[in-house]
*Asks:* 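Mind looking over this structure? Questions follow.
Only this structure's heavy atoms are used, side chains among them; waters, hydrogens and symmetry mates stay out. Within every chain, numbering begins at 1; the chains are lettered A, B, ... in the order of the sequence lines, protein sequences first and strands thereafter. Every value quoted in this text rests on a predicted model; they were computed, and no experiment measured them.
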Protein chains: 2
Amino acid sequence: MAQQTQMRMTRQRSVILEELQRTRRHPTADQVYRRVRRRLPRISLATVYRNLELMADRGLIRKIAPGVGPRRFDGETAPHHHARCLQCGAMADAPAGALGECGPHAGDVAGFEIVDYRLELLGYCPKCRSEHGRTP
Amino acid sequence: MAQQTQMRMTRQRSVILEELQRTRRHPTADQVYRRVRRRLPRISLATVYRNLELMADRGLIRKIAPGVGPRRFDGETAPHHHARCLQCGAMADAPAGALGECGPHAGDVAGFEIVDYRLELLGYCPKCRSEHGRTP
DNA sequence: ATATCTGCAAAACGTTTGCCGAGGA
DNA sequence: TCCTCGGCAAACGTTTTGCAGATAT
């Protein structure tokens with residue numbers, strides 16, 4: 001919502017967006033805050049939250065809700081999924097169509113009109129695989 | 001974890017489990033609490049949280065993490081997915097394999113060893129479809 | 001000029017924890 | 001008996017909000 005109102009390009013806004021687009025780590029709001037604060041020391045966490053929310057609403061960034069832990073954000077807006085490490089919580093991008101996944105097509109489940117879906121892949125990241133003998 | 005320790009069947013425990021299995025609405029911890037309190041007026045919310053967590057650990061129930069809003073719980077443990085209404089937030093069960101979904105098979109994404117996945121279907125529930133002209 | 005935006009502080013929210021007495025095996 | 005459990009209250013981490021002054025357009 002609020003899609004029709006105009007959005008001013010403030011310094012805070014652009015720095016948040018830049019920092020988010022600079023990383024592939026899917027940071028939490030607090031992690032974005034820490035990064036941005038190196039360039040804008042007086043920015044507040046509330047501003048970061050407000051702007052991440054606003055930009056997600058406008059499709060400039062994406063909001064990620066992992067099955068566990070706090071919300072994360074993604075500067076990449078092209079459609080893709082996410083993989084989460086069950087051991088350390090790290091997240092990586094997974095191209096849509098990975099793993100032979102074909103995805104649900106629009107249809108009817110329990111009377112619902114299904115229009116989209118969210119897929120989270122679960123596994124072990126490279127680091128945790130090597131550290132815990134998950135690479136046989 | 002704690003899977004090996006013994007679990008006593010207390011009154012609180014069994015009522016929580018019963019009430020959760022009695023509904024298909026995928027209630028939040030607070031909603032379970034309200035229902036259970038009708039039968040056990042002195043029970044505390046912390047007890048409900050503790051036991052839902054414990055039972056989920058043992059596979060007696062399932063924990064659901066919707067893309068939005070608080071955690072929900074499910075008395076049905078057989079493998080299936082969930083559909084969420086984008087309008088009112090209602091959740092319904094979706095049989096695994098619904099909609100022609102075939103699901104990712106174990107494989108490799110960005111160096112991850114993928115062992116499982118979580119699928120959430122998004123759409124509009126029957127009530128919202130009829131109330132908002134989504135049934136053309 | 002004026003509506004949007006920011007920083008700050010406080011509140012809200014969902015969830016977890018420490019404690020100590022109660023109660024199931 | 002003994003060890004787990006429950007109730008209570010307080011803490012916790014994350015996110016949202018109200019306000020008054022600052023700023024982009």
*Asks:* Out of dG6(D), dT6(C), dG14(C), which nucleotide sits closest to the side chain of Pro70(B)?
*Replies:* dG14(C)
*Asks:* Taking the side chain of Ala46(B) as its heavy atoms from C-beta onward, which of dT16(D), dC8(D), dA24(D) lies nearest to it?
*Replies:* dC8(D)
*Asks:* Would you say the SG of Cys102(A) sits less than 2.5 Å from the SG of Cys102(B)?
*Replies:* yes
*Asks:* Taking atom C1' of dT16(D) as reference, at what distance in whole Å does atom CD of Glu53(A) sit?
*Replies:* 10 Å
*Asks:* Side-chain N or O of Thr10(A) less than 4.0 angstrom from OP1 or OP2 on dT4(C)?
*Replies:* no
*Asks:* Which nucleotide, dT15(D), dG6(D), dT25(D), lies nearest any side-chain atom of Arg8(A)?
*Replies:* dT25(D)
*Asks:* Whether Arg22(A) and Glu19(A) form a salt bridge (side-chain N of Lys/Arg under 4.0 Å from carboxylate O of Asp/Glu) is what I want to check.
*Replies:*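 Here Glu19(A) pairs with Arg22(A) in a salt bridge, since their nearest N and O are under 4.0 Å apart.
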*Asks:* Report yes or no: does His105(B) contribute a side-chain atom to a donor-acceptor pair with the main-chain N or O of Gly103(B) at less than 3.5 Å?
*Replies:* no
*Asks:* What about Leu17(A) and Val32(A), same hydrophobic cluster or not, with Ile/Leu/Val/Met/Phe/Trp/Tyr joined at side-chain heavy-atom distances under 4.5 Å?
*Replies:*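 The answer is yes; both residues are in one hydrophobic cluster.
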*Asks:* Ile64(B) CD1 to dG14(C) C1': how many Å, rounded?
*Replies:* 16 Å
*Asks:* Roughly, in whole Å, what's the span from OH in Tyr33(A) to P in dT16(D)?
*Replies:*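 Rounded to the whole Å, the gap is 16 Å.
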*Asks:* For Ile43(A), which contact category applies under a 4.0 Å heavy-atom criterion: base, sugar-phosphate, or nothing?
*Replies:*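 It contacts sugar-phosphate atoms only.
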*Asks:* Okay, side chain of Arg72(B), backbone of Pro66(B): is any donor-acceptor separation there less than 3.5 Å?
*Replies:* no
*Asks:* Counting heavy atoms from C-beta on, name the nucleotide in dT15(D), dG7(D), dT25(D) closest to the side chain of Met9(A).
*Replies:* dT25(D)
*Asks:* Round to the nearest Å and state the distance from Leu45(A) atom CG to dT17(D) atom P.
*Replies:*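 After rounding, the gap between these two atoms is 14 Å.
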*Asks:* Look at the side-chain N and O atoms of Tyr49(A) and state whether any lies under 4.0 Å from the OP1 or OP2 oxygen of dT16(D).
*Replies:*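 It does not, given that no N or O in the side chain of Tyr49(A) lies less than 4.0 Å from OP1 or OP2 of dT16(D).
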*Asks:* Within this structure, what is the CG-to-C1' distance between Asp30(A) and dC12(D), rounded to whole angstrom?
*Replies:* 14 Å
*Asks:* For the pair made of CZ in Arg42(A) and P in dT23(D), what is the distance, rounded to whole Å?
*Replies:* 10 Å
*Asks:* Using whole Å, what does the distance between atom C1' of nucleotide dC5(C) and atom CD of Gln12(A) come to?
*Replies:*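 Going from Gln12(A) (CD) to dC5(C) (C1'), I get 8 Å.
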*Asks:* Across the strands shown, which category fits Arg71(A) at heavy-atom distances under 4.0 angstrom: base, sugar-phosphate, nothing?
*Replies:* sugar-phosphate
*Asks:* For the side chain of Asn51(B), counting heavy atoms from C-beta on, which of dT15(C), dG6(D), dG7(D) is nearest?
*Replies:*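 Given the options dT15(C), dG6(D), dG7(D), the side chain of Asn51(B) is closest to dG6(D).
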*Asks:* Expressed in angstrom and rounded to an integer, what is the separation of Lys63(A) atom NZ from dT16(D) atom C1'?
*Replies:* 12 Å
*Asks:* Taking the side chain of Arg13(B) as its heavy atoms from C-beta onward, which of dT4(D), dG7(C), dT16(D) lies nearest to it?
*Replies:*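 Closest nucleotide among those given: dT4(D).
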*Asks:* Between Glu113(B) and Arg129(A), is there a donor-acceptor pair closer than 3.5 Å when you use the side chain of the first and the backbone of the second?
*Replies:* no
*Asks:* Under 4.0 Å, heavy atoms only, any strand: does Arg50(A) hit a base, just the sugar-phosphate, or nothing?
*Replies:*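 Arg50(A): base contact, heavy atoms under 4.0 Å.
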*Asks:* Closer than 4.0 Å, any side-chain N/O of Thr28(B) to the OP1 or OP2 of dG14(C)?
*Replies:*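 Indeed not, no polar side-chain atom of Thr28(B) lies that close.
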*Asks:* Select from Ala29(B) and Arg11(B) the residue whose nearest nucleotide in DNA chain C is closer to the 5' end of that strand.
*Replies:* Ala29(B)
